[in-house]
There are 2 protein chains.
Amino acid sequence: MGRDGKPTKDKILTESKALVLANGFAGTSIDQILERTSITKGAFFYHFKSKNELAKALIKEHAMEDKAELDQALEKTEFLKDDPLDRLLQFVQEFIDMMSSLPAPYPGCLYASYIYETQNFGEEINDFICESISLWRATLEALLSNVLKEYNTKLEIDMKSLADLFKVIFEGAFIVSKALDEPDVIAKQLNHLKTYFELIFESKY
Amino acid sequence: MGRDGKPTKDKILTESKALVLANGFAGTSIDQILERTSITKGAFFYHFKSKNELAKALIKEHAMEDKAELDQALEKTEFLKDDPLDRLLQFVQEFIDMMSSLPAPYPGCLYASYIYETQNFGEEINDFICESISLWRATLEALLSNVLKEYNTKLEIDMKSLADLFKVIFEGAFIVSKALDEPDVIAKQLNHLKTYFELIFESKY
DNA sequence: TTTATTATACCAACTAGTTTGTTTAAATTT
DNA sequence: AAATTTAAACAAACTAGTTGGTATAATAAA
């Protein structure tokens, strides 16, 4: 048994994520990370063999948290599965609640941060982000298709792209929220998505 | 008088913007810009006294183009001002058309790129982005308030945040579009905004 | 019309500092 | 004893920014 390196590695990941969301990945130097974590260069390169390895680890951890939130919202709304529209609406509501209860302004999304400096990362990371976003698309598609079985829509709606609207609003709301320095933008924008769903699915068969 | 420097400066701005949208600002080195523009360092620093001055010039140029697009859409839809809902819908349609007719995948938005490395820029640039986004909010607020005078809404809608939804969807669609490498996401998502407006404002007084 | 002047535009080479990443040896924790 | 961390020095590549000089073209004076 040697000593436990997990606290150090976790600290690197936590502080790096905050720095990357504020400065971008290329705009964050390893020295900055060392300063924030109060560790040494040796310790950093013991845990990550290169800066790009840190990039991978960061996005993978973010994707795991992201998926955990998705799964949690699915789980929490499972009791509503007999009424797929209620479930869809409550699914969105879960994220509204999550964003409302945040004490500080939400720092943003690592996917978006990476997307705007794509070229610096390898194909592996870009594919990984693509898959992560696709998971949201697939999940919303499933929720929507269940609603469609029991509800009709007044207007003709493109359901495939409607599934993307969730992440679209989330990502866009982060940007506008940060730009205007108004943390409550995120919850309010998600609320519009919920209202949109309510208006689309008006009557049961 | 010496020779005309405008083509050089324009080339720097054009190529820099493309590089920044792909690599981020910190992730773009001046040497990279020199390679793309086939000019020398001396010429670069003749036109921009620092890299940060380039950042300012880039965002200001982007903001000008952004405002020009906004004004153009307002102008093009002015003939519909007697029916404010038609005008609002056509206003959105203008951007759908714009995004549909683009030959290549739209490269993204410089505001968003900067927002995810805010810390590197001065307060001046951040305030500037804030004002630029606020202009969209104010414009949509005005269009919406005209609609509200003549139409009623079934559900109670938060009109202030509804004004933000335009930019939210635009920015979010850029990110999802880039992440999935699907250029048509942008037009499709804007189409949902249009449908949302249609559903909100159902009946005239 | 030629010549000199001047403001602008640009180039090539250089500098000072920063970056990621390496190395080594000792110290600390389990 | 094994795994983790420190400390400090180091290198190679890259970074933003500077310097001194040159080219261009319009203008003014001869």
Side-chain angles (χ1 to χ4, degrees), chain A residues 1-59 61 113-114 117-122 124-125, chain B residues 1-59 61 113-114 117-122 124-125:
Chain A
M1 281 291 150
R3 64 194 274 203
D4 184 20
K6 193 167 182 298
T8 302
K9 191 165 185 176
D10 285 349
K11 197 160 57 165
I12 295 174
L13 287 168
T14 305
E15 298 301 321
S16 295
K17 183 172 182 177
L19 283 168
V20 169
L21 285 172
N23 310 317
F25 186 78
T28 302
S29 72
I30 293 173
D31 282 344
Q32 276 177 279
I33 297 169
L34 304 184
E35 212 177 334
R36 281 268 290 242
T37 51
S38 304
I39 61 158
T40 59
K41 208 168 250 197
F44 178 89
F45 280 102
Y46 176 79
H47 288 287
F48 303 97
K49 76 167 199 278
S50 70
K51 199 190 174 192
N52 204 61
E53 283 297 310
L54 172 68
K56 276 186 213 170
L58 278 176
I59 202 74
E61 201 193 46
S113 174
Y114 276 36
E117 41 183 326
T118 292
Q119 223 70 13
N120 296 327
F121 308 112
E124 188 188 348
I125 285 181
Chain B
M1 285 303 140
R3 49 197 280 211
D4 184 18
K6 194 167 182 297
T8 303
K9 190 165 185 176
D10 285 349
K11 198 159 55 162
I12 295 174
L13 288 168
T14 305
E15 299 300 322
S16 295
K17 184 172 182 178
L19 282 168
V20 170
L21 285 172
N23 310 317
F25 186 78
T28 301
S29 72
I30 293 172
D31 283 343
Q32 277 177 277
I33 297 169
L34 304 183
E35 216 177 331
R36 282 267 291 242
T37 51
S38 304
I39 60 158
T40 58
K41 211 162 250 196
F44 177 89
F45 280 101
Y46 173 78
H47 289 287
F48 303 98
K49 76 167 198 279
S50 70
K51 199 190 175 192
N52 204 61
E53 282 297 311
L54 172 67
K56 275 187 212 169
L58 278 176
I59 202 74
E61 202 193 43
S113 174
Y114 277 36
E117 40 184 325
T118 293
Q119 223 70 15
N120 297 326
F121 309 111
E124 188 188 346
I125 285 181

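Proteins get letters first, then strands, A, B, ... in listed order; numbering begins at 1 in each. Hydrogens, waters and symmetry mates play no part in the numbers below; they use all other heavy atoms, side chains included.
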Next on the checklist: Please confirm whether the shortest side-chain N or O distance from B:Tyr46 to OP1 or OP2 of C:dA9 is below 4.0 Å.
Outcome noted: yes
In whole angstroms, the gap separating P of D:dT15 from CG of B:Asn120 amounts to 15 Å
Per side chain to side chain contact (heavy atoms under 4.5 Å, CB included), A:Leu13 is matched among A:Ile33, A:Thr37, A:Leu58 by A:Leu58
Those residues at least two apart in sequence (or on a different chain) that pass side-chain hydrogen bond (donor to acceptor under 3.5 Å, both in side chains) with B:Asn23 are none
When rounded to whole Å, the NZ to C1' distance for the pair B:Lys6 and D:dA25 reads 19 Å
Sorted by chain and number, sequence neighbours left out, side-chain hydrogen bond (donor to acceptor under 3.5 Å, both in side chains) with A:Glu124 holds for A:Lys56
Subject >> Presence of A:Ser50 side-chain N/O under 4.0 Å of C:dT20 phosphate oxygens OP1/OP2 >> reply: no
C:dT8 OP1/OP2 closer than 4.0 Å to side-chain N/O of B:His47: no
A:Lys11 meets the side-chain hydrogen bond (donor to acceptor under 3.5 Å, both in side chains) criterion, sequence neighbours left out, with none
Parsed dot-bracket for DNA chain D after applying the Watson-Crick and G-U rules with both distances under 3.5 Å and | for other-strand partners is ||||||||||||||||||||||||||||||
For B:Lys6, the side chain to side chain contact (heavy atoms under 4.5 Å, CB included) test, sequence neighbours excluded, returns B:Asp4, B:Asp10
Under a 4.0 Å heavy-atom cutoff, the residues of residues 30-43 of chain A touching DNA chain D are A:Ser38, A:Ile39, A:Thr40, A:Gly42, A:Ala43
Sorted by chain and number, sequence neighbours left out, side-chain hydrogen bond (donor to acceptor under 3.5 Å, both in side chains) with B:Lys17 holds for B:His62, B:Glu65
In whole angstroms, the gap separating P of D:dT15 from CZ of B:Phe45 amounts to 12 Å
With sequence neighbours left out, the residues meeting ring pair (Phe, Tyr, Trp, His ring centres under 6.0 Å) with A:Phe48 are A:Phe44
The side chain to side chain contact (heavy atoms under 4.5 Å, CB included) partners of A:Phe45 (sequence neighbours excluded) come to A:Ile30, A:Lys41
When rounded to whole Å, the CZ to C1' distance for the pair A:Phe44 and C:dT23 reads 17 Å
Exercise for review: Verify the contact: side-chain N or O of B:Ser29 to OP1 or OP2 of D:dT15, cut-off strictly under 4.0 Å; return yes or no.
Suggested key: yes
From CG of A:Asp10 across to P of D:dT4 the rounded distance in Å is 13 Å
note: B:Asn23, atom CG; D:dC14, atom P; distance rounded to Å ~ 15 Å
Apply side chain to side chain contact (heavy atoms under 4.5 Å, CB included) to residues B:Phe25 and B:Asn120 and explain how you reach the verdict.
CA-CA 9 Å; B:Phe25 186 78; B:Asn120 297 326; 5.7 Å; no
Whole-Å distance, B:Phe48 CZ to C:dC10 C1', equals 15 Å
From CD1 of A:Ile12 across to C1' of C:dT20 the rounded distance in Å is 15 Å
